[in-house]
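Keep in mind that the numbers below use all heavy atoms, side chains included, and drop hydrogens, waters and symmetry copies. Chain letters run A, B, ... following the sequence lines, proteins first, then strands; residues in each count from 1.
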2 protein chains.
Amino acid sequence: MVPLLAEIFRELGYEGATLTRITARTGIGKGSLYHFFPGGKEEMAAAVLEEVDGWFEREVYAPLREDDATAAITAMWRNTEAYFHSGGRVCLVGAFALDETRSRYAGAIAAYFVRWIDALAGALVRAGAGRVEAVMMAEEVVSGIQGALVLSRALDDKGVFKRLVDNARRRVEASVSQAAASRA
Amino acid sequence: MVPLLAEIFRELGYEGATLTRITARTGIGKGSLYHFFPGGKEEMAAAVLEEVDGWFEREVYAPLREDDATAAITAMWRNTEAYFHSGGRVCLVGAFALDETRSRYAGAIAAYFVRWIDALAGALVRAGAGRVEAVMMAEEVVSGIQGALVLSRALDDKGVFKRLVDNARRRVEASVSQAAASRA
DNA sequence: GTCTATACAGTGATAGAC
DNA sequence: GTCTATCACTGTATAGAC
């Protein structure tokens, strides 16, 4: 049910996701919605944010922190490309960050990105990159994915997303292998 | 007046920018608004998109096409950083692209980005880059700015925007000077 | 738990006085 | 041109039958 809501908020944004459209798309009546989410729409969106955050924590951040660095980074590229349907699906957190919805969920939004950057930077260090360089590169990657989503949606062209993400991956690999070589 | 509207749509998004909030912030009554925009909110947003597009066409795209390539690219970095208030201001076109507002203005949204990429790629070619490489780099830059806006808003940190844009600029400069050197 | 009916504020939009 | 009043409608939210 929460994944259903997530899809609706993703496509329509917080303001655009009216209760009428939610009931129409999910087939769940208003009564039922308010039974599960007494806090109304605000609570629904909070639950959706938590669900999205949970998915990334489980599938991306935790592996980046704990697993073999190179393997986890490879999995990150694969999982995020699949998650965002190669640019066909928008990032809910990024979309919320852009308008005044941000003020409502500022903590959750910032935490999502901070933890992504920190986890990736840690993995890059373990893969051989320098600390400062790793943080910068992690910021670049996370920001780059958001930009690729915006641009591929704007141009309605998934190829743009794939090209941009591929390039980011190549840049990271080049930088890591160069750092490893200079340490040898 | 249109710039006033632009600021409101930027901050609140299309759905969030209600007529009540527009009249409250601009001090212009509904009667006057409908006098200038008989098509209502949809026409207001269209006018705003056109105004934004006009600004970029005049201040960024035209110089990239016509002026000295290196100077125009330098001006682009300066003007976009100023325009977006170093990440404190969001890109209206990018924000519209993310939710279902996109379907309403798909043509204008795509055109804004296509012309930016084309103009920048042309300037990069004139500055010495190869054609394919220039297009790819232009996509990266435009996408990178959008990503930097999302991330700096999400983290509420203008420093992130500045770092990311500075890095993008350095990458472009390195690539151009390298291409120029290999041609010599 | 789910539905229907409904409350009431807010929506985009219009008409008409000034 | 601008304002006020008001329209029909939709927004979120609630109450109560089942």
Side-chain angles (χ1 to χ4, degrees), chain A residues 1-52 90 92-93 95-109, chain B residues 1-52 90 92-93 95-109:
Chain A
M1 170 165 182
V2 175
L4 271 177
L5 289 174
E7 213 53 48
I8 296 169
F9 278 110
R10 238 189 296 267
E11 287 179 29
L12 307 177
Y14 184 81
E15 300 283 350
T18 67
L19 291 189
T20 307
R21 296 204 235 196
I22 292 174
T23 58
R25 292 212 195 187
T26 60
I28 304 168
K30 291 186 193 178
S32 306
L33 283 173
Y34 275 88
H35 172 74
F36 291 112
F37 306 99
K41 192 167 132 172
E42 184 155 9
E43 191 178 338
M44 295 178 212
V48 163
L49 274 173
E50 202 184 328
E51 200 262 351
V52 170
V90 140
L92 180 93
V93 191
F96 277 13
L98 284 183
D99 61 32
E100 110 276 17
T101 309
R102 187 194 151 273
S103 57
R104 226 186 268 264
Y105 305 103
I109 292 170
Chain B
M1 171 164 183
V2 175
L4 271 178
L5 289 175
E7 212 54 47
I8 296 169
F9 278 110
R10 236 190 296 269
E11 287 179 27
L12 306 177
Y14 184 82
E15 300 283 349
T18 67
L19 291 190
T20 307
R21 297 203 234 196
I22 293 174
T23 58
R25 292 211 195 187
T26 60
I28 304 167
K30 290 187 193 181
S32 307
L33 283 173
Y34 274 88
H35 173 73
F36 291 112
F37 306 99
K41 192 167 132 171
E42 185 154 8
E43 190 178 339
M44 295 178 211
V48 162
L49 275 173
E50 202 184 328
E51 200 261 352
V52 170
V90 141
L92 180 93
V93 191
F96 277 13
L98 283 183
D99 61 32
E100 109 278 16
T101 309
R102 186 193 150 274
S103 58
R104 225 186 271 262
Y105 305 104
I109 293 170

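Atom CD1 in A:Ile28 sits roughly 13 Å away from atom P in C:dG1 (whole-Å rounding). Atom pair B:Glu42:CD and C:dG12:C1' shows a separation of 12 Å (rounding to whole Å applied). Per the geometry, CG belonging to B:Leu33 stands 14 Å off P belonging to C:dT11, to the nearest Å. Put simply, NZ on A:Lys30 is 11 Å from C1' on D:dT14, counting in whole angstrom units. Atom pair A:Lys41:NZ and D:dT12:C1' shows a separation of 8 Å (rounding to whole Å applied). As rounded to whole Å, 13 Å separates atom C1' of C:dT11 from atom CE of B:Met44. For B:Met1 and D:dG1, the CE to P distance is 12 Å, given to the nearest whole Å. Taking atom CD on A:Glu15 and atom P on C:dT11, their separation rounds to 9 Å, with Å as the unit.
Rounded to the nearest 0.5 Å, atoms CD (B:Glu15) and OG1 (A:Thr101) are 11.0 Å apart.
Closest approach to the B:Thr18 side chain among D:dG11, D:dC3, C:dT11 is made by C:dT11 (side chain taken as heavy atoms from C-beta onward). Distances from the side chain of B:Phe36 to the nucleotides C:dT2, D:dT2, D:dG11 place D:dT2 closest. Side chain of A:Tyr34, nearest nucleotide from D:dT2, D:dT14, C:dG1: D:dT14. The nucleotide whose nearest atom lies closest to any side-chain atom of A:His35 is, among D:dA13, C:dT2, D:dG1, C:dT2. The side chain of B:Leu19 approaches C:dG12 more closely than any other nucleotide in the set C:dG12, D:dC3, C:dT11.
For residues 26-41 of chain B, the set of pairs meeting the side chain to side chain donor-acceptor pair (under 3.5 Å) definition, not counting sequence neighbours, is empty.
Of the charged side-chain nitrogens involved, at least one lies within less than 4.0 Å of a carboxylate oxygen, so that A:Arg25 and A:Glu11 count as a salt-bridged pair.
At the heavy-atom level, A:Gly40 lies under 4.0 Å from the strands shown only through sugar-phosphate atoms.
Closest approach of A:Ile8 to A:Ala17, counting heavy atoms only: CG2-CB, 4.1 Å.
Aromatic ring pairs are classed by plane angle as parallel below 30°, tilted from 30° to 60° and perpendicular above 60°; the pair B:Phe9 and B:Tyr14 is parallel.
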